[in-house]
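Each remark here refers to the structure printed beneath this line.
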Amino acid sequence: MLDNISNGRLDVGFGRAFIPKEFEVFGVSMEESRARFEEGIDIVTRLWTEDACPTRASFTGFATST
């Protein structure tokens, strides 16, 4: 639907934090930031491309989304 609304012009970008204070504020270790980032990208991709997306991942979990 979003692709139709934007006539295929939607561009999305994701960025990963790298300043230690940003991790400290959220109580997340910098060592796991890459794994968290990649997991998040995978979840967003699945939500956009699959009809149903049950997710139980290392850092994120939610009920089936349809």
Side-chain angles (χ1 to χ4, degrees):
M1 181 171 99
L2 190 54
D3 188 50
N4 289 334
I5 292 171
S6 70
N7 293 322
R9 296 175 300 184
L10 177 69
D11 289 325
V12 177
F14 296 93
R16 193 176 89 181
F18 64 91
I19 300 171
K21 185 68 175 173
E22 294 172 316
F23 293 93
E24 181 183 321
V25 168
F26 290 102
V28 174
S29 75
M30 288 185 74
E31 290 75 30
E32 67 185 32
S33 70
R34 182 179 185 98
R36 284 179 171 272
F37 181 77
E38 290 175 351
E39 181 177 289
I41 298 293
D42 180 58
I43 290 169
V44 169
T45 301
R46 290 181 64 201
L47 287 168
W48 283 347
T49 59
E50 298 177 15
D51 291 332
C53 180
T55 300
R56 292 286 177 244
S58 299
F59 305 105
T60 308
F62 52 88
T64 300
S65 175
T66 57

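For R9, there are no side-chain hydrogen bond (donor to acceptor under 3.5 Å, both in side chains) partners at least two apart in sequence or on another chain.
Contact record, F59 with E39: N-OE2, 3.0 Å, taken as the closest heavy-atom pair.
Clustering of Ile, Leu, Val, Met, Phe, Trp and Tyr side chains at separations under 4.5 Å places I19 together with F18.
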Atom pairs and distances, side-chain donor-acceptor, residues 24-31, under 3.5 Å, sequence neighbours left out:
{"from": "E24", "atom 1": "OE2", "to": "K21", "atom 2": "NZ", "distance (Å)": "3.4"}
{"from": "S29", "atom 1": "OG", "to": "E32", "atom 2": "N", "distance (Å)": "3.4"}

